[in-house]
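Structure first, commentary second.
First the proteins, then the strands, lettered A, B, ... as listed; each starts at 1.
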Amino acid sequence: MGSLIAADLVIAVLAAAGWLGGGAAAAARRRPLALALAGFALLATVGRAVTVTALARAGWWFAAEKVLIAGPLALAAVAVAVPRLLRAGDIRSVAVPLLFAGYAGSGALLVTVLHGYPASAGAGLLTVAGVLAATAVSWRVLGARPSGTVSRTAVAVAVGALVTGTGLAVAPAAAPAVTHDHRYEAAPEVGEPTRRFTLTAGTATVRVSGRDVEAWAFNGQVPGPELTATVGDVLEVTLRNRDIGRGVTLHWHGYDVPNSQDGVPDVTQDAVLPGQEFVYRFRADQVGTYWYHTHSVSDVGVRKGLYGVLVVRPAPATGVDVTVPVHTLAGLPLPAPRTEPVGAGTPVRLRLINTDSTTHRYALAGTPFRVAAIDGSDLRGPTPLADTAVLIPAGGRYDLVFTAPATPVALFVDGRAVYSTGPVSAETGAWPVLDPLTYGVAAPVPWSRFDKEFPLVLDRGLDLHGLLPRYAHTVNGAADPDIPTQVVRRGDVVRFTIVNRSLVVHPWHLHGHHVLVLSRNGKPATGSPLWLDSFDVRPGDVWEVAFRADNPGTWANHCHNLPHADAGMMLHLTYS
Amino acid sequence: MRKALVVVTTVSLFAYVLQFVFAAVGAFTKPADDGAFALHSITGMAVIPALTLLTVLFAVLAKAPGRLVGLALLPLGLVVLQALIAMLANSLTDASGGSTPFGLTVAGLHALNGIIAVHVVVAVHQGARKLAQPAPVAATRVAVREGEPA
C-alpha cells in the first residue's frame, strides 16, 4: 500500500511534466517532440486513473482529494488538450492547451502534497484560480491573444475562485474543544513510598564507543539509572533539574499512571526548570518492561539522552533478566555490546526497548524463543519461534524468553551484536519478521459496541496557523495546537481508526491507556490480544484499536517519532 | 529592468552554488541527523523558489522573449520535483528505516535533477546578459520577430 501511494505520486508527476514539456515543445514549434510528450502525458493520466481507483478501494481517506479535485482537473486537461491536438494545423496553437493541462496536473499534485486531507473546497478553488491565472499568463506571453469574452470569463472565474478559496482556507477552523488552563489534576494519595529514587537532569559528557559525547543525562549517565520495583511497591521519584535550560519532566512511557504523574509539560504539570524539582509518586501495579523519558522538548531531550528503563517484576528476578534499551546517541549506537556466559538450562528474559524515534530490527540467534510480552502486557499462548526477527516500533518493548542452551546465543539489533553469551556468527538480515497480529492464541474482544469513534488520518501538509508557515506532520489535516481535542466520558469504549496517508512510518502512542488492536488493513487480529501503547502505522496502513476510558485526565496522543510530534503530530484526549 | 534581470539571475546562480555546498555540508556532518540538511532544505524550499519567482517577474517586466520567460519558469517545476524526489527517497526504506538500493537510485535522481536545474539557470543567466547588451539593429529585429504572436 505504501508503494502504491508512492507510485501514484510518481505517475502524477510524470503526467504533469509530460503536459508541461509538451506545451513548451509546442511553443518552440517542435512538433514530433510535442506530440510524443503529450501522448506520454495522456498515457500517464490514464495510468493514474488505475492507481487512484486502487487507492480508493483501500480506503476513501487515501483517494478523496485525488477523485474530487485531481479527477475533474485531469478530465478538464484531457478535454481541452486532446481535441486541439487532433485538429492542430500549426503545432504552436496547442501550446496553451497543453500548458493548461500541465498546470491542472501540477495544481492537483500540489493539493495532494500540501493539503491532501480532508479534500476541501478551499484548496480546490485556490487550485482552479492558480491554474487559470497561469494559463492566462502563458497566453499573453505566447502572444496568442484569446478573444475578449474568453479572457474576461477566465479572469472572472479565476478571481471568484481565488476569493472564495482564500475565504474558505483562512476561515477559522472549529476552535479546539478544550483549552489548556494551568489547573492540573491533583495527585491522588498512594500511601507511603517503598522505593525512592532521585534523578538529576543535567548536561554531561559521556563516553560512547571510545568517543566523548556531549549529552543530557540523568545522574550523569546515559541511559539514566534503571528503576526497578516489585508489583505493589509505591515509587517515589524526585526529579531535579541542574542545568537543562529548556526544562525537563518525567513521562512513564507505557505506565498508565494517574494523570497528575504523567509528566507532560503544560498539560499535567509545569516543566521543571533549572534549580527546581518535582516529585512523582505512583503505585507500581502494572508488571512489565517500561521506560521513562523527558517530555519537555522531548525531541531534543530524549535524543540527547534523557531516558532510562523502568522494570516492574511480579517477584524478585530469577534466572538471567537483561534489559536492552537501544538508543542512538550522537549517531553512535547504545548499549555497548556485552557478553556474559550463561549456564545451560538457565531461564533468560531479554527486555528489548526501543528508545529511538524510528523502528529497530532485533534478531535473536542460536536458540528458539518466545515473545512473552509486548509493551508490558503478557501475550496469550506464545509459541516458540526460531530464526525470526522482531520489529520494535519507537517507544515499544518486547520481552523475549528462552532457556539458555549449551551453545552461545546472540541478540543482533539492525545486524549489530548487542548481547551474547558467547561468539555467534549468524546472518540474520534475511530472516522473516514476526507479525504480532497473528502470534499466540486469540481471545474474544471484550466489547461489542463502541461509544466513541475517532478517525486519525495522518499526513503531511502546509500549516499556516503558526507564526511561520511550516510543512507539518498533520492529523485530520491540522497540526498541533490546532487539532481538536478528543473528548470522552469515563467508562466509554473508544475506537480509533488510524490511517497513514503519508510516505513515512508513524509510531502511535496514546498516554495513560493501552489500546487493544482490533484489525489492520481490514484484517482482524487473529493472535493473542495485543494491548499496546506504541505501534507502527506504516504508510498506507489502516489500524483499528480500542480502549476503555478508565483513567480520567487530559492525555497526550501523538506520534512517537518525536521530530514528527514536534512538527505538529500531537493532539490530546480529555475526559468530560 | 534588463539590468535587474541580470542581477537576479546572477544571485540565483550564486544561490545554486551555495546549495551544492550545503548539500556537501549535510552529507559530511557528523553525527548525521535530520538537522544536518537544514541549510540545504531552507535554501531549496524558500530561497531558490523566491529567486525563481523574482527572475520570472523581472523577465516579464523586461519584456524578455517567451522562450526566456519559459526557461526562467522551468526551475520552479524542477524545485518541486526535487523536493518530491527527496521525500520519496527518504520514504523508500526497509522496515527498520535503513536505505534500500531502490531508494538510493531514486536519491541519485535528486543529484541529476539538481545538475539539470543548474544548467537551466546558467542558460537563463546567459539569455539575460544577451538581452541586456545593446544589440545591433539586425539582431534586435530578429528578437522582436521572435516575440511576435505566431
Quick one: which residues of residues 9-23 of chain A reach chain B at under 4.5 angstrom, heavy atoms only?
A/L9, A/V10, A/V13
Taking side chain as everything from C-beta outward and backbone as N, CA, C, O, which of these in [X] sits under 4.5 Å from a heavy atom of chain B? Side chain, backbone, both or neither.
X	answer
A/A27	neither
A/L110	side chain
A/I392	neither

List for me each residue that meets side-chain contact (heavy atoms from CB on, under 4.5 Å) alongside B/A46, sequence neighbours excluded, and say none if there are none.
none
Nearest heavy atoms of A/A6 and B/L88, plus distance in Å:
CB-CD2, 3.5 Å
Nearest 0.5 angstrom please: B/L73 CG to A/S138 OG, how far?
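Going from the CG atom of B/L73 to the OG atom of A/S138 covers 7.5 Å.
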Side-chain touch A/L109/B/L84, heavy atoms, less than 4.5 angstrom:
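Yes - at least one pair of side-chain heavy atoms lies under 4.5 Å apart.
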Answer yes or no: are there more than 12 heavy-atom neighbours, outside A/R30 itself, under 6.0 Å from its atom CZ?
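Not buried by this count: 12 neighbours or fewer within 6.0 Å.
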